[in-house]
2 protein chains.
Amino acid sequence: MKGIRQLAEHLAISIGTVSRALNGRPDVNEETRRRVLAAAEALGYVANQSGRSLRQGETKVIGLMIESSAEAVENADNFFLGVTSGLQHVFTRHKLDLLMLPCPSDEDPCEYLKRMVARRVVDAMIISNMQRVDRRVDLLSRARIPFIAVGRSLSAGNFPWIDLDFEGVAERAVERLVARGHRRIAITAPSSEVNLGYVFVESYRRALEQHGLPFDPSLVIRVKSSEQGGYQAAHELLLLEDRPTAVILIYELMAIGLYRRLMESGVLPGRDLAVIGFRDAPRARFLQPSLSCFRMSLYDLGVALGQMLLARMPAYREFYSEAGGNMIWPLELVAGESDAFQLTEA
Amino acid sequence: MKGIRQLAEHLAISIGTVSRALNGRPDVNEETRRRVLAAAEALGYVANQSGRSLRQGETKVIGLMIESSAEAVENADNFFLGVTSGLQHVFTRHKLDLLMLPCPSDEDPCEYLKRMVARRVVDAMIISNMQRVDRRVDLLSRARIPFIAVGRSLSAGNFPWIDLDFEGVAERAVERLVARGHRRIAITAPSSEVNLGYVFVESYRRALEQHGLPFDPSLVIRVKSSEQGGYQAAHELLLLEDRPTAVILIYELMAIGLYRRLMESGVLPGRDLAVIGFRDAPRARFLQPSLSCFRMSLYDLGVALGQMLLARMPAYREFYSEAGGNMIWPLELVAGESDAFQLTEA
DNA sequence: CTGAAAGCGCTTACAG
DNA sequence: CTGAAAGCGCTTACAG
């Protein structure tokens with residue numbers, strides 16, 4: 001089946017009526033609609049998206065931009081696939097399709113986005129991996145493309161985002177460790193300019209302050225957000241003169257490499273060093289001793305992102321309360337054995 | 001900047017000339033072309049994709065279908081992000097964009113694909129997660145959409161695919177284990193209808209045969225392709241009456257769960273049980289003792305997939321030799337300590 | 001309730 | 001080398 005014209009000819013009615021029937025317009029005879037739908041089904045007709053998009057000025061596609069940098073490829077823990085389900089749950093109701101736009105690692109993310117937006121392949125965008133200063137925010141704002149970001153950024157005053165509750169994580173982790181007698185608490189931070197690193201370190205600094213503990217820059221260990229980074233972090237940690245008694249990790253998979261390096265040196269997590277991980281990851285669940293970490297539902301985050309995005313789109317606004325511009329996504333502590341010991345005064 | 005019309009007005013020339021200049025047609029005055037390109041750049045004009053697609057009958061988009069089932073979300077080891085880079089490397093040359101089409105977990109993959117194809121959002125498709133009988137092959141063949149599959153299937157006589165060398169993996173794994181004195185060699189297989197499970201088990205059966213070993217169905221342990229599956233596999237393996245002395249794993253991350261369960265029972269991989277993993281995964285590199293497994297380049301696989309796909313597309317055929325319909329992708333053995341011991345006669 | 005027609009933004013024969 | 005015009009497949013006021 002080629003186009004609507006062929007379908008109309010086959011039914012011996014006009015293309016206008018076919019279109020109206022297919023699109024559920026009320027002003028169509030029910031018998032006619034039935035015939036049209038049956039014929040479309042039988043002949044496998046589905047409207048050409050380019051034709052629709054061109055006419056309607058919208059594509060019915062939402063884009064999720066992801067970056068396939070070498071680091072991401074090696075280490076991403078399928079954060080996005082998880083979020084995707086939740087997003088689709090929301091979008092499906094409105095017959096919107098979600099497409100993932102992978103930015104090639106050798107292309108500037110902002111240029112890539114500009115190209116995709118200008119070509120009008122999507123009606124709205126979800127961006128993530130927010131940088132401290134992120135030109136994409138400006139780009140999308142100026143182009144008036146509805147968008148939502150997974151993560152805060154210093155860029156622009158006011159744009160919609162949902163970010164993980166790094167403050168809460170840092171606060172509860174520090175509190176928990178302090179309660180167990182720790183005074184020298186290290187933290188890992190990403191070596192890149194991704195904004196969450198800054199947010200996390202700052203939250204940690206404030207949490208220490210609340211407990212009257214000094215902030216020691218040498219305890220902020222900057223490494224790649226990967227298992228290798230975790231290994232490296234443990235390595236650096238072991239070399240510190242006045243070795244910390246606890247460490248808080250920023251990235252879910254770091255724990256695996258960290259454990260490995262610690263054990264090579266006979267340092268046992270949960271006995272010689274308290275470890276608190278970040279997001280609960282399936283891969284990390286098998287760690288021994290079990291890792292204290294924070295849990296969240298990627299699916300629910302996806303749903304929230306989807307709803308907040310649609311609330312910004314004129315065509316769907318009515319279905320969703322604006323619900324403010326942005327949101328801090330809570331994480332729940334999952335207590336493990338990796339920080340269960342009480343530190344005895346050395 | 002809205003459309004080509006505005007750009008043409010601004011330059012006081014016709015839209016035809018603007019289009020030709022932008023598309024690099026030779027029949028344009030160089031001075032004119034320069035002006036057009038400069039204005040487009042300055043005003044941020046990029047051709048609306050719907051307009052182009054409609055006129056040209058092609059979208060310049062290649063789709064990569066991925067399935068975001070719960071299992072995939074939990075466990076996929078970013079196979080696709082890795083392949084993506086290689087694909088883009090090939091597509092970029094032809095100004096083709098790669099989009100990932102995530103099939104919602106509650107939608108039938110074949111229906112989803114049908115919808116995407118009928119809407120004409122892509123010019124060609126890459127499909128994967130091939131089922132034993134996969135209706136998508138038929139669908140795409142009949143719709144005459146160029147496509148390539150990552151994986152074989154029993155469906156249809158002749159369609160283009162690249163699959164991993166399960167035969168070679170099974171052969172070399174068995175050979176290696178036999179050389180170390182093993183006679184009872186277990187294997188894990190996926191519990192689903194995914195075709196690679198069948199291929200792998202059959203290859204294993206043949207490899208045993210070559211060494212005069214009997215095929216014992218109880219040594220084929222069917223579990224989910226995940227870490228949890230690996231844990232489960234170890235559990236079942238330990239319960240076997242005549243316990244095997246070696247096991248070959250089908251999925252990269254299984255090793256993590258398997259190690260965990262073995263160690264809980266005081267069974268040490270590489271001493272009490274020989275283990276050979278499948279694809280080398282970053283996460284598995286930290287296993288202790290180090291895992292013998294097979295390595296491949298996802299990037300190179302992506303390049304090969306991209307080239308083979310373009311060879312099937314009339315518009316790009318000339319740049320690529322057809323190079324046969326399909327291909328077995330080799331994997332290289334990475335020897336570790338998990339199977340390094342010689343089995344002494346019990 | 002239905003049909004005829006316009007037009008979304010582009011590219012491309014066709015004239016000149 | 002450039003312009004005017006047709007037409008890709010749709011949807012949607014507008015008549016009737």
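Since this is a predicted model, take the numbers as computed values, not measurements. Below, each value reflects all heavy atoms present in this structure, side chains not excepted, and no hydrogens, waters or symmetry copies. Just so we're on the same page: letters track the sequence lines, and every chain starts at 1.
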Would you kindly give the CD-to-P distance between B/Glu9 and C/dG9, to the nearest whole Å?
12 Å

Give the rounded distance in Å between these two atoms: CG of A/Leu54 and P of C/dG9.
7 Å

If you restrict it to nitrogen or oxygen atoms, what contacts under 3.5 Å exist between nucleotides 12-16 of chain D and the protein, and what is each distance?
{"unit_1": "D/dT12", "atom_1": "OP1", "unit_2": "A/Gln56", "atom_2": "OE1", "d": "3.4"}
{"unit_1": "D/dT12", "atom_1": "OP2", "unit_2": "A/Arg25", "atom_2": "NH1", "d": "3.2"}
{"unit_1": "D/dT12", "atom_1": "OP2", "unit_2": "A/Arg25", "atom_2": "NH2", "d": "2.5"}
{"unit_1": "D/dT12", "atom_1": "O4'", "unit_2": "A/Arg55", "atom_2": "NH2", "d": "2.9"}
{"unit_1": "D/dA13", "atom_1": "N6", "unit_2": "A/Arg20", "atom_2": "NH1", "d": "3.1"}

Under a 3.5 Å limit on both distances, the Watson-Crick or wobble mate of D/dA4 is none

A/Leu96 vs A/Leu310 side-chain heavy atoms within contact, under 4.5 Å:
yes

In whole angstroms, how far is the P atom of C/dT11 from the NZ atom of B/Lys95?
12 Å

So does A/Pro102 get a backbone contact from the side chain of B/Gln88, meaning a donor-acceptor N/O pair under 3.5 Å?
yes

Once you round it to whole Å, what is the distance between C1' of C/dT11 and CZ of A/Arg119?
15 Å

What's the closest nucleotide to the B/Ile13 side chain, out of D/dG3, C/dC10, D/dT11?
D/dG3

In whole angstrom, what separates B/Gln49's CD from D/dG9's P?
16 Å

Ignoring the backbone of A/Val28, work out which of C/dG3, C/dG9, C/dT2 is nearest its side chain.
C/dT2

Between CD of B/Glu30 and P of D/dT2 the distance, given in whole Å, is 10 Å

Whether A/Thr32 contacts C/dT2 is assessed here as follows: a side-chain N or O lying under 4.0 Å from the phosphate OP1 or OP2. Is that the case?
yes

Rounded to the Å, how far apart are B/Arg120 CZ and C/dC10 P?
22 Å

Identified pairing partner of D/dA13, criterion: Watson-Crick or G-U wobble below 3.5 Å:
none

Is B/Asp134 reaching over with its side chain to a backbone N or O of B/Arg136, donor-acceptor style, under 3.5 angstrom?
yes

Is there a donor-acceptor pair closer than 3.5 Å between any side-chain N or O of A/Asp123 and the backbone N or O of A/Thr59?
yes

Quickly work out the A/Asn48 CG to C/dG9 P distance and round it to whole Å.
17 Å

Donor-acceptor contact present, side-chain B/Gln49 to main-chain B/Ala47, <3.5 Å:
no

Quick one: is C/dG9 close enough that its OP1 or OP2 comes under 4.0 Å of any side-chain N or O from B/Arg5?
no

Is it true that, when you exclude B/Arg5 itself, more than 12 heavy atoms of the residues, nucleotides or ligands shown sit nearer than 6.0 Å to its CZ?
no

Can you label the angle between the B/Phe147 ring and the B/Phe159 ring as parallel, tilted or perpendicular, going by 30° and 60°?
parallel

